[in-house]
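The basis for the numbers below is simple: all heavy atoms, side chains too, and nothing from hydrogens, waters or symmetry mates. Just so it is clear, the model here is predicted, and its values are computed rather than measured. In what follows, chains carry the letters A, B, and so on, assigned in the order in which the sequence lines appear, proteins first and then strands, with residues in each chain numbered from 1.
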There are 2 protein chains.
Amino acid sequence: MARSAPPVDATAGSALVTRLRQFIDLTTAEIASLQSLTRPLRKAQPHEDLITHGHASSTAVLLHQGWAIRHRALEDGRRQVLDFVIPGDFCDPSVFVTPVAGFSLTTITCCTWTPVSGSALLDLIAGSRRIGAMLWWLEAQEESLLRDHLFAIGRMNAQERLASLICELWTRLKNVELDIADGFEWPVNQEVIADATGLSVVHVNRTLRWLEHEGIIRRTGRVYHVHNPERLRYIAHAAKAGIGQTHLDPEIAARLRCSH
Amino acid sequence: MARSAPPVDATAGSALVTRLRQFIDLTTAEIASLQSLTRPLRKAQPHEDLITHGHASSTAVLLHQGWAIRHRALEDGRRQVLDFVIPGDFCDPSVFVTPVAGFSLTTITCCTWTPVSGSALLDLIAGSRRIGAMLWWLEAQEESLLRDHLFAIGRMNAQERLASLICELWTRLKNVELDIADGFEWPVNQEVIADATGLSVVHVNRTLRWLEHEGIIRRTGRVYHVHNPERLRYIAHAAKAGIGQTHLDPEIAARLRCSH
DNA sequence: CGTCGCCTTGAATCATGTCAACTACAGTGG
DNA sequence: CCACTGTAGTTGACATGATTCAAGGCGACG
């Protein structure tokens, strides 16, 4: 409530604002602050490294458009995709305190993004405690995703892993792209999915076909339609795991409202 | 350099200070601040929940003595240990912005710990930007561990997983208990290890015996001795993965030194 | 019309899981 | 002192989910 914010336009940088506004009323000043995180606006082609594993990375990355992955590889070719980075993701602020990146951040489609330096981050936080808390909250969400992912890979079988990954992405995308209904484009090949789920390409293929055969999802190229959301969530154990629950506590939201 | 801090006594609360002092020169004031995080001092028996999955948890937990695990379970009994919590671990500050815990924090030995509220945390940060950065750094380390763990479970075989877990714990313990040489007590049964590595108890047993048979480790009860550190690190791919690299960047340390 | 990337499928193989039994040891109560 | 119990570690035999290898299909592209 309070003073309601102006409608968000479709320019680059709106993804983070779109995402936050679903949970918090942002003031115009706050929106302006956040929009400052669109400068400088960088464009990247697919398969560009925005952060490289083992290299110094002095800035965090705010993604506005496109898809990217965070991943780490061994010399022998084995690779693990740690998570998928979609518009509105802030990846990863803590780079400020770590001298060397522990992973690579690589685009998989054309992207627009903004590098955010540690000092810019500190200024932003100093300027508004609420924004500081929001950033903190974003990072907590990211960590929560990482834990979900760890559980899935450690203790779930192929079907459950795929189901929970699809569930997760679907939900996250709905937070930043409001027009998403029952389907979304997942612009990655099955090798990437394999590396994300800790499975082999062949088995990912089989399992996707199984999900399709069961009428749980439909696929057209790389567009995934969730045909039976209930069953998908059931298989994914999403009631418990639930990224869907990642909302901001009303009480905390209220606290954010008080502190200026 | 500067004004050197007084020797740390062996009272509860020193674990965090010990850990930080290996990377940063702490002023007496800072040590005092950090020591304030020992009140109230709580004691817990083994198998007590300090945080319960799905419940509200309004405070973070700073562990002084003992071992704990963060874990999450499914109704059907499957469980994943997300990480091991040892003295000096701050677990987990972001609880302040999340209404419901996404995991349980359970002691496995007798512990001493301190609950830290969000406001206490904010006061601490407000009091000293350097301490704020240190806390941030601690959280970054924790996230880094989570990523290592994810890689291990997703892409490594049983031997590599066990090796990297042992490597990790050994290194972390050395940061808080300076008298550790080539061995440490790991006070968990093999079921916990199985849940941490995503393996079955039986296979954990076989793999531990294999590590022992190869002369890489020795075990006496739950005391683990690293007999061939080089080979252990080689198997764990620890050169790349390396928690060992988790040092504070000199440049960043310097920056911390400037900001008061 | 050949090549390339990706998806798909079958068959063989392997790492790991499951089931079940046995050992060792500590505690407890008679 | 013994019998009983429970927890944890250990081991073998077998089952199976997932990997690997290998081949074919299919569309995009030059």
Kindly say whether the aromatic ring centers of B/Trp186 and B/Phe84 come within a distance under 6.0 Å.
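Ring-ring flag for B/Trp186/B/Phe84: true, centres closer than 6.0 Å.
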Under-4.0 Å side-chain N/O to phosphate OP1/OP2 contact, A/Gln159 with D/dG17
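For D/dG17, OP1/OP2 do not have a side-chain N/O of A/Gln159 under 4.0 Å.
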Whether A/Gln190 contacts C/dG5 is assessed here as follows: a side-chain N or O lying under 4.0 Å from the phosphate OP1 or OP2. Is that the case?
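It does not, given that no N or O in the side chain of A/Gln190 lies less than 4.0 Å from OP1 or OP2 of C/dG5.
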In whole Å, I'd like the distance from the [atom1] atom of [X] to the [atom2] atom of [N].
| X | N | atom1 | atom2 | result |
| --- | --- | --- | --- | --- |
| A/Ile108 | C/dC6 | CD1 | P | 12 Å |
| A/Leu199 | D/dT20 | CG | P | 11 Å |
| B/Met156 | D/dT19 | CE | P | 16 Å |
| B/Trp210 | C/dA15 | CH2 | P | 12 Å |
| A/Trp186 | C/dC6 | CH2 | P | 16 Å |
| B/Ile193 | D/dA8 | CD1 | P | 12 Å |
| B/Asn157 | C/dG17 | CG | P | 11 Å |
| A/Arg155 | C/dT16 | CZ | P | 13 Å |

Checking B/Glu160 side chain against B/Ala152 main chain: does a donor-acceptor pair fall under 3.5 Å?
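Such a contact is absent between B/Glu160 side chain and B/Ala152 backbone.
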If we ignore hydrogens and angles and just use 3.5 Å, is the side chain of B/Thr114 paired with the main-chain N or O of B/Leu37 as donor and acceptor?
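Answer holds: yes.
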Describe the nucleic acid contact of [X] in one word from base, sugar-phosphate, nothing, applying a heavy-atom distance below 4.0 Å.
| X | answer |
| --- | --- |
| B/Gly221 | nothing |
| B/Val202 | base |
| B/Asn205 | base |
| B/Arg222 | sugar-phosphate |
| B/Arg161 | nothing |

Which of these nucleotides, [options], is closest to any side-chain atom of [X]?
| X | options | result |
| --- | --- | --- |
| B/Ala158 | C/dT16, D/dT20, D/dA8 | C/dT16 |
| A/His203 | D/dG9, C/dT18, D/dT19 | D/dT19 |
| B/Arg206 | D/dG9, C/dG17, C/dT16 | C/dG17 |
| B/Asn189 | D/dG9, C/dT8, D/dT10 | D/dG9 |

Using the rule given for side-chain contact (heavy atoms from CB on, under 4.5 Å), can you reason through B/His237 versus B/Arg155, listing the C-alpha separation, both sets of side-chain angles and the distance that settles it, and then say yes or no?
CA-CA 12 Å; B/His237 303 265; B/Arg155 283 308 187 203; over 6 Å; no
Enumerate, atom names and distances included, each donor-acceptor pair closer than 3.5 Å involving a side-chain atom of residues 39-48 of chain A, sequence neighbours excluded.
{"residue": "A/Glu48", "atom": "OE2", "partner": "A/Gln45", "partner atom": "N", "Å": "3.0"}

